[in-house]
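We use all heavy atoms of the structure for the numbers below, so side chains are in, but hydrogens, waters and symmetry mates are not.
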Amino acid sequence: MDAELQSLADALGRGIAEGSPDLNALLTDTAHRSVVPSLAPRLTDVSRRFQGNSLAWPLAARDLFEVLRLVRRRDAVVYEELKAIAEAFAEDERARTAPAPRRAPGAARNADTATYADTATNANTATNANTVSGGTFNEPVVQAGSITGGVHAYYGQTPHSGLSRVADWPQLDRANAIALGVRRPRRIADERPLPRYVVRDCADALDAQVRAAAREGGLVLVTGEPLSGKTRTLWAALFTNLSGTTRILHPAPGTDLRGLTDMLRARGDAECVLWLDDLDGHLGEHGLTAARLAELVGLRVPVLATMSDEAYDAHRFGSPAHTRLLSGVDPVELGAEWSPAEVERLAAAAPDDLRLAGAYAHRARHSTPAYLSVGPELLGEWRRARRPNAHPLGHRLVLAAIDLARCGVEEAPADVLRRASDLYEDVAPASSEEFDQALEWASGIRHGTTGMLVPGAEGGSWRAYGSLVEDARDGLPGFGPVPCELWTLAVEALWHEDDPEAMGAVLERARAALGPEEDDLEALLTLGRIEEKYGDEEAAEGWFRRAADAGSTEAAGRLGSLLFDRADSAAAIPYLEKGAESGDTGAQSMLGIALMERSEHWLRTAAESGDGLAAFWLGDLLRGGGAEAEALRWYRKAAEAGQRGEVATRIGNMMHDLQDYDEAEKWFRIAVEEGDLAGLNGIGLVFEGRGSLETAARFYRQAAEGGDPTGAHNLGINLENRGASQEARKWFARAHELGDHDGAFLLGESLLGEKRYSEAEEWLRKAQDMGHHQAERALADLKAARTAAIRPGTSAPDAPDNVKA
């Protein structure tokens with residue numbers, strides 16, 4: 001069995017069984033901050049079953065052992081807090097059970113007023129000046145072997161008192177400041193429970209009052225706004241100015257104090273102090289009154305108390321009874337805002353404690369005491385909010401603001417937070433109503449001070465409360481690395497070219513956070529995107545190259561694009577191919593262009609060396625790019641190098657376009673000689689250009705009969721223009737059969753002209769199926785013509801009515 005767990009469980013079990021109110025309060029407070037949902041109800045159940053049963057602590061310890069084991073595994077922060085509570089309670093218990101010092105026999109003289117009864121007198125009040133000898137002193141019962149005038153037993157216990165014995169009060173040097181009301185700050189690793197105390201400006205005046213009260217008795221009162229540091233400041237004064245053996249009574253609010261003075265009279269030599277945090281909870285007939293304070297002054301027992309400004313004003317100038325108590329007190333006022341001298345002392349202490357460092361960093365926005373004390377409460381509530389039945393969207397919203405701050409975006413508009421919150425879980429986007437509710441929860445005021453989200457400087461913007469950001473930066477549980485997508489969003493959110501300093505801060509943080517992640521392809525890719533956005537293409541290239549070489553196809557596409565833009569096609573092509581193969585459309589487009597450019601380079605190199613095939617392909621490449629004159633030059637070089645058959649038709653078509661019909665006919669006849677039937681269609685074009693339609697038709701027919709779809713197309717148009725529509729439709733159909741996509745359309749138009757609507761629709765539908773760009777319009781004309789039962793006045797204005805080259 002785990003020895004540490006068993007020891008902690010035994011200590012906590014014994015404390016619960018003994019009914020320690022301070023212990024139960026600490027356990028309850030800690031349990032509610034845990035991310036383990038079952039912790040609070042399980043501790044409550046153990047307390048309910050065993051509290052007050054001093055013999056049942058082994059059973060309580062058995063149940064607590066399993067609880068602690070669960071917490072140690074799932075919530076290291078709360079486990080350490082429970083461990084500290086258990087160890088502190090165990091120390092207190094050892095102190096309580098240590099043998100009490102005995103007074104020397106005969107050394108005690110009781111000069112107090114007492115009520116006693118003996119055989120001679122009933123209920124007489126007198127001054128007891130008897131000498132006690134031969135007995136022992138066991139508070140609160142004094143029993144002596146011989147007392148002059150008879151044997152008497154004195155019972156000092158008051159019927160009003162529910163207070164523990166003075167001997168059971170904790171000593172100052174073993175007292176737990178958090179149990180006395182000092183708010184629990186967050187702890188990181190093995191830090192001490194409380195950060196170093198930063199001396200406030202009122203310290204000298206407060207120390208003087210505490211020392212005077214220790215000598216003479218009296219009430220020392222610290223007032224201030226909520227979360228101004230009243231309790232911590234008073235604790236420092238107590239710890240600094242009183243002896244470590246001083247016994248501290250810290251009663252719960254509403255505790256009956258009527259028996260306190262009788263108990264203190266019997267305390268012997270013990271130095272004691274009454275600690276009343278939030279004094280207004282201890283006022284009233286049974287609490288601290290002016291008369292009871294006077295008795296404590298007579299006993300030279302100091303009373304140290306705190307009170308909010310609001311409560312002090314209400315009681316000091318309200319009820320006469322309270323006025324009498326407070327009118328003789330000169331309260332030490334503590335402000336929430338720190339003076340320059342206090343800030344300097346905070347700066348000096350900050351390097352030794354991350355908590356103080358965070359408080360110093362955020363001092364302009366949050367008061368230091370509030371930052372230190374409210375932060376842990378906000379962190380605990382935020383952690384628990386992630387549960388499905390709590391506020392998961394609010395949890396993500398706050399996390400988005402925290403992580404944006406870690407990126408360098410201190411505040412962001414609500415719409416940016418909304419987009420960022422969707423990056424953390426695979427959930428459906430929240431509706432506007434759900435988002436508004438989550439934002440309301442996250443920005444709701446806690447502890448009368450702040451929300452987890454705080455309004456930013458610009459309207460509609462929000463930022464995370466400072467301590468939550470520091471919790472994440474300091475590596476507390478509950479925070480992971482910033483999602484890579486959020487870095488990109490942060491850059492977009494902060495992109496203001498007129499604020500280079502802020503933009504530079506985001507870039508530097510991105511480099512620091514993502515740069516070391518050498519094995520994380522997404523991190524390398526994201527950093528490359530950011531560097532590219534900031535204009536450092538050299539740095540972006542480095543990150544993209546590392547990611548691409550490690551297997552990222554997106555990074556390969558981006559790197560290829562950078563290299564392509566730099567006109568380094570040779571280096572770009574291998575990376576663009578990886579991106580293109582993954583489906584990157586941009587990479588595919590650039591790859592095609594890069595390959596074409598590289599093709600032109602090498603084709604030109606070969607063609608200039610006399611290679612005919614290279615000259616032929618170079619001509620095609622240049623002609624496709626619109627460089628007609630240069631293409632023609634390389635076609636002629638290709639012909640000279642033995643590629644006459646391949647380039648003859650191309651040269652003929654180019655000369656025809658220039659209306660140099662003789663030169664065109666020459667090259668078309670060379671094409672026919674080389675076996676290219678397209679040359680026959682070209683000769684037809686030359687004769688049609690000269691106005692010889694019948695001669696042109698003869699060559700078109702030869703080409704069509706040889707299987708040339710362009711020849712069949714041009715023959716049909718030739719016949720249609722000469723009025724032979726029926727024969728023209730036959731060649732339109734043949735052109736369609738040979739693969740000419742205009743054939744079906746021209747046939748449908750011809751039939752439409754003769755009002756043969758059903759046949760026309762059939763061919764126009766075929767043209768539409770082949771993707772003809774005018775078929776849909778022609779079908780609309782057909783529908784209108786049917787409706788009007790007349791032929792449309794004109795055919796489609798841009799319908800082809802000429803021949804194809």
Side-chain angles (χ1 to χ4, degrees), residues 649 652-653 655-657 659 661-662 664-665 667-669 671-672 676-779 781-782 785-786 790-805:
T649 301
N653 282 326
M655 300 311 298
H656 174 268
D657 291 342
Q659 296 186 351
Y661 296 132
D662 292 341
E665 182 178 358
W667 284 101
F668 284 137
R669 289 191 181 279
V672 173
D676 184 0
L677 292 178
L680 293 170
N681 180 71
I683 296 172
L685 289 174
V686 168
F687 279 101
E688 187 163 322
R690 292 170 176 163
S692 302
L693 297 182
E694 291 184 5
T695 304
R698 188 171 72 252
F699 283 101
Y700 289 149
R701 188 182 299 274
Q702 291 180 44
E705 289 174 347
D708 180 15
T710 304
H713 172 279
N714 287 342
L715 177 58
I717 290 177
N718 182 287
L719 293 169
E720 183 83 21
N721 290 338
R722 289 192 290 141
S725 298
Q726 184 173 351
E727 187 178 1
R729 287 194 287 271
K730 181 183 76 172
W731 289 106
F732 288 148
R734 178 60 178 161
H736 171 72
E737 292 172 4
L738 292 174
D740 182 75
H741 77 287
D742 277 335
F745 175 75
L746 292 170
L747 180 52
E749 282 280 285
S750 179
L751 292 168
L752 180 60
E754 294 187 0
K755 301 181 182 180
R756 294 163 63 175
Y757 298 136
S758 296
E759 295 173 80
E761 181 177 8
E762 177 184 352
W763 284 102
L764 289 174
R765 294 283 181 201
K766 289 181 180 180
Q768 185 182 45
D769 293 342
M770 295 180 71
H772 197 286
H773 65 287
Q774 291 179 303
E776 186 172 350
R777 181 176 177 181
L779 286 167
D781 290 343
L782 185 149
R786 271 180 168 168
I790 59 173
R791 182 182 183 278
T794 58
S795 61
D798 52 353
D801 58 359
N802 51 19
V803 294
K804 285 186 177 181

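Note that CZ of Phe699 and CD1 of Ile683 are 5.0 Å apart. Values are rounded to the nearest 0.5 Å. To the nearest 0.5 Å, atom CD of residue Gln702 and atom CG of residue Asp708 are 11.5 Å apart. Atom CG in Leu764 sits 11.0 Å away from atom NZ in Lys766 (nearest 0.5 Å). Between the CD atom in Glu688 and the CG atom in Asn721 there is a gap of 7.5 Å [rounded to 0.5 Å]. The CG atom of Leu715 sits 10.0 Å away from the CG atom of Asn681 when rounded to the nearest 0.5 Å. Distance check: Phe687 CZ to Glu665 CD gives 4.5 Å after rounding to the nearest 0.5 Å.
Listed by chain and number, the residues in a ring pair (Phe, Tyr, Trp, His ring centres under 6.0 Å) with Trp667 amount to none (sequence neighbours excluded). Shown here are the side-chain contact (heavy atoms from CB on, under 4.5 Å) partners of Thr649, two or more places apart in sequence or in another chain: Asn653, Phe668, Ala671, Asp676, Ala678.
The shortest heavy-atom contact between Ala704 and Gly711 is CB-C, 3.8 Å. The two atoms that bring Pro709 and Ala735 nearest to each other are O-CB, 3.9 Å, heavy atoms only. Here the shortest heavy-atom pairing between Ala778 and Phe745 reads CB-CE1, 3.8 Å. Contact detail for Leu693 and Arg722: the closest heavy-atom pair is CB-CD, 4.1 Å. What you find for Leu685 and His656 is that their closest heavy atoms are O-NE2, 3.5 Å. Contact detail for Ala760 and Leu752: the closest heavy-atom pair is CB-N, 3.6 Å.
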Which is it for His713 and Leu746 under the side-chain contact (heavy atoms from CB on, under 4.5 Å) test, yes or no, and what are the steps along the way? CA-CA 9 Å; His713 172 279; Leu746 292 170; 3.5 Å; yes
Show your working on side-chain contact (heavy atoms from CB on, under 4.5 Å) between Ser758 and Arg786 and close with a plain yes or no. CA-CA 10 Å; Ser758 296; Arg786 271 180 168 168; 3.5 Å; yes
Test Asn718 against Asn714 for side-chain contact (heavy atoms from CB on, under 4.5 Å), laying out the working first. CA-CA 6 Å; Asn718 182 287; Asn714 287 342; over 6 Å; no
Take Leu747 and Glu762, measure what side-chain contact (heavy atoms from CB on, under 4.5 Å) needs, and give me the verdict at the end. CA-CA 10 Å; Leu747 180 52; Glu762 177 184 352; over 6 Å; no
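Two residues are said to be in side-chain contact when any heavy atoms from C-beta on lie closer than 4.5 Å; Arg765 and Trp763 fail this criterion.
Salt bridge annotation for Arg701-Glu727: present, with a cationic side-chain nitrogen under 4.0 angstrom from a carboxylate oxygen. Look at Arg698 and Glu694 and you find no salt bridge, because none of the NZ, NE, NH1 or NH2 atoms lies under 4.0 Å from a carboxylate O.
Remark: Arg729 fails to qualify as a cation-pi partner of Phe732 under the 6.0 Å distance and 45° angle criteria applied to the six-membered ring.
The 12-atom threshold is exceeded at CD of Glu705, counting heavy atoms of other residues, nucleotides or ligands nearer than 6.0 Å.
Of the candidates Glu776, Gln774, Gln768, His772 forms a side chain to side chain contact (heavy atoms under 4.5 Å, CB included) with just one, namely Gln774.
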